[in-house]
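The block underneath contains the structure these notes are about, expressed in structure tokens.
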Amino acid sequence: MINLDTTNKNQSSIMQPLPFFQDEALRLDVINDAEFKSIPFINTNDHDSIDNDNGATTRAFLFLDADENLQIATPELFCKKLKCQSLDKIKVISIFGNTGDGKSHTMNQVFFDGEPVFRTSPEQSSCTIGVYAAMQREQGVLCLDTEGLLGTTAKSNKRMRMLLKILAISDIVVYRTRSERLHSDMYEFLGTASKAFCLHFTQALQAMGNGSTLGPAVIIFHETHYTKPLESTVEESAEDKLRNNFALLNYETNAFSSLRYVGIQTDAKKSTNFQKISDALHLEIENTAVRSPRQPAVVFKAMKLLNQKFAGEIIEKAINPFPEQYFTCSAHCESCSRRCQRSMGHVSDGEPHYNTQPCNYQHQFGNKLYLCKACYNNGKEIVVSVRAQAQTDTAWSGLAKYVWKGDVIECPYCGEIYRARQYWYGNKSPEASVVHVQVVHVWKGGNAALRANAHSAQMVLDSVNSISEAFTNISAPWAKALSGMLADKVAPSYWRPNQEIIMCHACRRNFEKSGMPKHHCRGCGEGFCHTCSQHRLPVPGRGWLQPVRVCNDCHQQLQRKSDATPGSRPTNDEGDILVRKYGETIYNTISSVAAVAIDYPKAMIKDSARPAYWVPDAESPNCFICKAVFGRAEELEMAKNSGERGKPKGGNISKSDARSSGSSNEGTAPRTRAVDGPGDCRRHHCRRCGQAICSSCSKRRMPVLERGWQTDVRVCDACACVPSGSQNNSNSISSAISDAINEDEAVITNGLNEDRRASNRSSNSSSDYRNCNASDDVKAKSE
């Protein structure tokens, strides 16, 4: 046995035994047998504490392995490994960064004066796998050295989760990077860590009793050789530049209590100066305003809690070297979010979107097709749909069957296969009886056949309305003449006959041209429009004891003398008036019954049949394009007169008043539609954008496939000018229409301003001529 003599104090230091051999010399190191059977060598990969007489040389020990397994069982063993007392207070400092950036070397230089506490290696393989821990007793710091990012591993997701858990229990985090410019992987790691801390770690740590909601302080230690690190200026600090870069990449740093940047530039031939990072860490260690030192047992329990809560296998997806998203179509299914598998540009080649994976059904999209079950069992896939009427039904018969029997499904081979109300009771759903359901993908802008089913009831109403309008237009003159003749039969003798009334007796407005109905004044018997005969007063001189319609002149005369007999025509007898009274009573009763029994159900049917994207009538009092007010001729005339009544009379209006009134009215008050012919301003809906428009602004008819209208239907002038390719989403429809309307309004405003300037320079006739030209130009541009 070899015995090392340590009693000679005069021998040189070279001959002195190594400190950690002093205790070992007291033991059997080498057994001198015939063969050397046991020679204990210290493995440099085993970072355990080795004792000597003078104390302990600190070596790092494995805290977490690569599979996230804690290597220490209890808090007592954790304190024993750290060689500290259970009541000691420590701060946890961890270091992160890419593999090969010198994390272990940085920890050794900053905290252990260059001692190889954390192992470093010149080899290509990573020297730190998992997480290693070491205690710096003088400063009361627990140092954690982590596995490097971007290292070769088959468990990159598990490694990321392990690093995020270490970051969550740390008080100070150092991100070490040696690159000429900051890379995006640093922003990605710290941004992900901040999000994970806010969403998951905060709640778990608070449940354990840790009241702090702020994460660790982060120090970015950036070392360059040939480029300048970030520099602070008066306007913007280096930390502000970092935060701007985080925001640019859509990352947040809200979880971190502070963010600090330490940048140094080192000559390539010189060693790194760690003084700046050492000073920064010393300041953070002394700062206890946000995070105070903790006992080692608290740190261990927090790590154990997170390791138990966030554990398990993670699916490690292999990186696909071929980027599919670079060349495949970018369209996604709106129901299942799967991507189209065809190449880009396939739509222009006439190929639809396609994906082999099955789709998920969603009620909001209605993405299921009905296949005739009989044909499907025979090997044919015949698509059928639920409609309001059969193809062989006329408009009136289809509407009657729809009201009585409900929706219909018909197959081109099997005929009518289903009615919603075929029997009084016991009707089965089509899916349980006659159809086979197939769920399909919903591609944006496509699946017009699916959308057509939702408008089938409205298509029936459109066909019925078109027939009724055609019948009304043909029979209107005859019906109007017949009703006038019948009214004259029951009219009092002093009333002027309807065939003699061409214009309003007061305002001289032509009834045929304006479309206004005729009214008789019960006082004088002349024919007036509604505007000129709105007053109600009794006319006892004519036999009308209850308030009845009178014209403005008779109203003034009866106000002065209530028993006066207005007009020049005499009344024959009281029976002459009674016939008209009975006729009005019967007509009013029938009108009230018709309004309740016919108009109200008709309105309910129209509201239920309207597509969901149509703007409701209550929200559209004006035409979306020309801003014309919807209503009957009488209502429009009353609105016009009430607007004119509010204006000042006479021509003594100052220029400033005119200018202010013109500016206040522009863009706010709806424009009155210039009616070319008699009739009301009816409300229609554009089948493409769903906005309410008048008949003058919706003369075009065309199919709207993206909305499910396969035949020619009504579209507004703005949508007729918008290319069909831009109809993939409703926002583009509204924006295109708004742009067109705004352009027209700008042209109108410019034309009006030009007219005002022209009127000041020339005569009225030339001004009227220019106004006509300006309006023609505006009309042409609008068309």
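As a basis for the values below, the full set of heavy atoms in this structure was taken, side chains included, without hydrogen atoms, waters or symmetry mates. Residue numbers run from 1 in the order of the sequence given.
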If the test is side chain to side chain donor-acceptor pair (under 3.5 Å), which one of H222, K241, E239 qualifies with Y261?
H222

Beyond-backbone contact of K83 with M135, side-chain heavy atoms, under 4.5 angstrom:
no

Is I220 close to L259 at the side-chain level, that is, under 4.5 Å between some pair of heavy atoms?
yes

At what distance, to the nearest 0.5 angstrom, does CD of Q109 lie from OG of S271?
8.0 Å

Partners passing salt bridge (Lys or Arg N to Asp or Glu O under 4.0 Å) against R338 (at least two apart in sequence or in another chain):
none

Can you confirm whether Q357 is buried at CD, in the sense that more than 12 heavy atoms of other residues, nucleotides or ligands lie under 6.0 Å from that atom?
yes

Check this for me, if you would: do K155 and D67 make a salt bridge, where the nitrogen-to-carboxylate-oxygen distance has to be below 4.0 angstrom?
yes

Using the rule given for side chain to side chain donor-acceptor pair (under 3.5 Å), can you reason through S86 versus Q295, listing the C-alpha separation, both sets of side-chain angles and the distance that settles it, and then say yes or no?
CA-CA 7 Å; S86 59; Q295 296 178 359; over 6 Å; no

Donor-acceptor under 3.5 Å (R339 side chain, C329 main chain)
yes

Pairing of R291 and D171 as salt bridge, 4.0 angstrom limit
yes

Expected output: side-chain T128 to main-chain T146 donor-acceptor under 3.5 Å:
no

With distance as the sole test, does N245 use its side chain to make a donor-acceptor pair with the main-chain N or O of L242 at under 3.5 Å?
no

Interatomic spacing from CD1 in I166 to OG in S170 - rounded to 0.5 Å
6.5 Å

What closest approach, in Å, do V174 and I277 show between heavy atoms, and which atom pair accounts for it?
CG1-CD1, 4.5 Å

How far apart are the C-alpha atoms of N367 and S335, what are their side-chain angles, what is the distance that settles it, and do they pass the side chain to side chain donor-acceptor pair (under 3.5 Å) test?
CA-CA 8 Å; N367 56 325; S335 180; 3.3 Å; yes

Using the six-membered ring wherever Trp is involved, compare the ring planes of F63 and F300 and label them parallel, tilted or perpendicular (cut-offs 30° and 60°).
tilted

Which label fits W443 and H353: parallel for a plane angle under 30°, tilted from 30 to 60°, or perpendicular past 60°?
tilted

Within the 4.5 Å heavy-atom criterion, are T224 and R181 side-chain neighbours or not?
no

Is it the case that the side chain of D267 and the backbone of K269 share a donor-acceptor pair, with hydrogens and angles ignored and the cut-off at 3.5 Å?
yes

Single hit among L167, I169, I93 for side chain to side chain contact (heavy atoms under 4.5 Å, CB included) with P216:
L167

For D101 and G97, indicate whether the former's side chain and the latter's backbone hold a donor-acceptor pair under 3.5 Å.
no

Roughly how far, to the nearest 0.5 Å, is CZ of R161 from CZ of F310?
9.5 Å

Heavy-atom distance under 4.5 Å between the side chains of V141 and F111, does that happen here?
yes

Is the closest basic N to carboxylate O distance between D279 and K276 below 4.0 Å?
no

Using a 6.0 Å cut-off, check whether atom CD of Q203 has over 12 heavy atoms from anything other than its own residue.
no

Measuring from atom CG of L205 to atom CG of L306, what distance do you get when rounded to the nearest 0.5 angstrom?
5.0 Å

Under a 4.5 Å cut-off applied to non-hydrogen side-chain atoms, are F256 and S194 in contact?
yes

Using only atom types and a distance under 3.5 Å, with no angle test, would you say the side chain of T99 pairs donor to acceptor with the backbone of L150?
no

May I ask you to decide if the ring planes of F189 and F96 are parallel, tilted or perpendicular, using 30° and 60° as cut-offs?
tilted

Please tell me whether T272 and E223 have a donor and an acceptor in their side chains that are separated by less than 3.5 angstrom.
yes

Parallel, tilted or perpendicular: rings of F274 and F221 (30°, 60°):
tilted

Spacing of CE belonging to M344 relative to NE2 belonging to H346, to within rounding of 0.5 Å:
10.0 Å

With distance as the sole test, does N108 use its side chain to make a donor-acceptor pair with the main-chain N or O of F112 at under 3.5 Å?
no

D113 atom CG, over 12 foreign heavy atoms within 6.0 Å:
no

Under 6.0 Å between ring centres: does that hold for Y132 and F118?
no

Any side-chain heavy atom of T266 sitting closer than 4.5 Å to one from H225?
yes

With a 3.5 Å distance limit and no angle check, can you tell me whether T106 reaches the backbone of G102 through a side-chain donor-acceptor pair?
yes

Side-chain donor-acceptor contact under 3.5 Å, R159 with T153
no

I need the M107 CE to L281 CG distance, nearest 0.5 Å.
8.0 Å

Charged N to carboxylate O below 4.0 Å: is that the case for E68 and K165?
yes

Any sub-3.5 Å donor-acceptor pair from K158's side-chain atoms to G312's backbone N or O?
no

Flag side-chain contact, heavy atom, 4.5 Å: E147 against V131
no

Charged N to carboxylate O below 4.0 Å: is that the case for D88 and R137?
no

Between R178 (side chain) and G100 (backbone), is there a donor-acceptor pair under 3.5 Å?
yes

Going through the checks in order, is the side chain to side chain donor-acceptor pair (under 3.5 Å) test met by N254 and E252?
CA-CA 6 Å; N254 299 335; E252 295 181 354; 3.0 Å; yes

Exercise: identify the closest heavy-atom pair between T328 and C340
CB-O, 4.2 Å

Student check: side-chain heavy atoms of L369 and V437 closer than 4.5 Å:
no

